[in-house]
**Q** 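Quick one: structure below, then a few questions.
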Protein chains: 2
Amino acid sequence: MRSQDKEEMRRIGFFRGVDDPEQVDAMLRGAFLQRFPAHVELIQTGEPADFLHVIVDGTVEMFSGHRDRETTLGVSGPGDSFILAAVLFDRPYLQSARALTAARILMVPAEAVRQAFAADAGFARSVAESLALAYRGLIMELKNQKLRSGLERLANWLLAHDAANGSKGRFDLPFDKKVLAARLGMAPEVLSRSFAALVPYEVVVQGPSVVIRDPAVLRKLAQPCTTIDGATL
Amino acid sequence: MRSQDKEEMRRIGFFRGVDDPEQVDAMLRGAFLQRFPAHVELIQTGEPADFLHVIVDGTVEMFSGHRDRETTLGVSGPGDSFILAAVLFDRPYLQSARALTAARILMVPAEAVRQAFAADAGFARSVAESLALAYRGLIMELKNQKLRSGLERLANWLLAHDAANGSKGRFDLPFDKKVLAARLGMAPEVLSRSFAALVPYEVVVQGPSVVIRDPAVLRKLAQPCTTIDGATL
DNA sequence: GGCGCGACTTGATAATTATCAAGTCGGAGG
DNA sequence: CCTCCGACTTGATAATTATCAAGTCGCGCC
């Protein structure tokens, strides 16, 4: 890793909680900062967790398949990492990852992460906090999946995405509809029909462009709830 | 808490990773060891996380509702706790808990847990490991829910439960079928029909008694997979 | 011991979602 | 600039699941 890249990596959020800067250097010593084009698979389900991947730039889709089906478990961005739990226990990945856009990924050797975890209390706490946040997100997602219909999930996703982007009532979908469908747990055809079903609720879609003309009406259908949709921290 | 109870509580698995025994004493100082009868709701979704609950004896159902639906997110037993993530961040519970059997629950004040987390590196690591384990369990559960049909989930649950109980090919369901249905993400009527659908796969059910006459046949339908069903550690 | 309530099963129907097929359109690569 | 491939939409049908209703059975409480 180039000196100037190392300088930049020292400052990323992932290392912020580390007490001893020497631990950050130890983790960076064997690390790679890799640039990937879109569509590349970064890790695969079932593979041993040799690296912790930290997203510096770009968007990554976490997904997995079983038999002839595939689903998207989450979409991650800068500051997120994958997969801490697999690295901590030195167990195979339970998910695959694919770059949705061009991405820069810091790949930290798993052993170095475990050593820092064992040696640095601040880092251990930081890891615990990341895992707690991820855990809460998954509980919300599982509730979303089990307690709501596909249409409700879409409506709530639209409202949450709008809120996270300044509540302007209009935005472009950040990724393909195929990915959004998988993320919401439905087939692409069903997402298409769900968007059509939202027309009476003043939602206008043209390609990736979405306009929510009357959020209050959509909210009536969606019935958002902080324990499923809320910001976790 | 009685002296002898305190002695017993010092030794539970939850405190095993703590470096400084004084931290365990500090957590136990304001703690309660409470006995609850079956059916009692121990915590409710949306409530502030004032205590960390550790199950000493008994079985607890983690569940949540939305609008007029309810689902079971997990069933926990001795050694498990709830809910670490809420306590760490001092955020409301995202799940409710109900005793399925009579239970003894150690209730540790949340503030004391946070103080020990900040002060004791061994405890912080132990918390991180618990959260990592729980996280992996949830990923498997979300995959189970999104990638399999209800019948497949039941078949895999039966095989996993049998394997966890000595692979004798016969066992009694550990809780009501209503709870199992909710746990698997289906209505009780659908569970009933799913059991009936398993008759051609040599599964015999009488009340809570289940016999798996030919595990190989059931496995053919279930298609178990370590990244969805496997033991996590 | 009897009564009442909730778990469970079964039947019927509605709703939701998946799958298959066919066609359009846009973007990427040659 | 043209061609090809994949995303997306629309139509049709199958599969899965939810919901409602009604009846049975077992357990707990009085």
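Here is the naming used below: chain letters follow the sequence lines, and residue numbers restart at 1 for every chain.
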**Q** Can a donor-acceptor pair be found between the side chains of B/T45 and A/T227 at a distance below 3.5 Å?
**A**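 The answer is no; no qualifying pair exists.
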
**Q** Would you mind telling me which of D/dA18, C/dA7, C/dT19 lies closest to the side-chain atoms of A/R69?
**A**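 Among D/dA18, C/dA7, C/dT19, the one nearest the side chain of A/R69 is C/dT19.
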
**Q** Please report, rounded to the nearest Å, how far the C1' atom of D/dT17 is from the CD atom of B/Q145.
**A**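 Distance, rounded to whole Å: 12 Å.
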
**Q** In whole angstroms, how far is the C1' atom of C/dA28 from the CG atom of A/D176?
**A** 13 Å

**Q** Determine, for A/F63 and B/K143, whether the Lys NZ or Arg CZ falls below 6.0 Å from the six-membered ring centre while staying within 45 degrees of the axis.
**A**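 Verdict for A/F63: no cation-pi partner in B/K143.
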
**Q** With respect to the phosphate group of D/dC8, does any side-chain polar atom (N or O) of A/K177 fall under 4.0 Å of OP1 or OP2?
**A**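 Answer no for this pair, as no side-chain N or O of A/K177 is under 4.0 Å from OP1 or OP2.
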
**Q** Can you tell me the distance, in whole Å, between the CG atom of B/L180 and the P atom of C/dA7?
**A**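 B/L180 atom CG is separated from C/dA7 atom P by 14 Å.
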
**Q** Is there a donor N/O on one and an acceptor N/O on the other, under 3.5 Å, for the side chain of A/E189 and the base of C/dC20?
**A**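 Answer is yes: a donor-acceptor pair is held.
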
**Q** Could you check how far CG of B/D68 sits from P of C/dA15, rounded to whole Å?
**A**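 Atom CG in B/D68 sits about 15 Å away from atom P in C/dA15.
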
**Q** Please report the distance, rounded to the nearest Å, between CG in B/L191 and C1' in C/dC8.
**A**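 Checked: the CG to C1' distance equals 10 Å.
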
**Q** Measure the distance from CD on A/Q206 to P on D/dT9 and round it to the nearest whole Å.
**A** 12 Å

**Q** Is the closest side-chain heavy-atom distance between B/V203 and B/R213 below 4.5 Å?
**A** no

**Q** Using the side-chain heavy atoms of A/S192, tell me which of these nucleotides is nearest: D/dA7, D/dT9, C/dG11.
**A**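 Selected nucleotide: D/dT9.
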
**Q** When the distance from CG of B/L151 to P of D/dA14 is rounded to whole Å, what number comes out?
**A**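 It works out to 21 Å between those atoms.
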
**Q** Of all the choices, C/dT17, C/dT10, C/dT19, which nucleotide is nearest to the side chain of A/S149 once you look at every atom?
**A** C/dT17

**Q** Could you give the CD-to-C1' distance, from B/E152 to C/dT17, as a whole number of Å?
**A**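 After rounding, the gap between these two atoms is 15 Å.
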
**Q** Could you name each residue pair satisfying side-chain hydrogen bond (donor to acceptor under 3.5 Å, both in side chains) that touches residues 34-43 of chain A, not counting sequence neighbours?
**A** A/E41-A/Q44

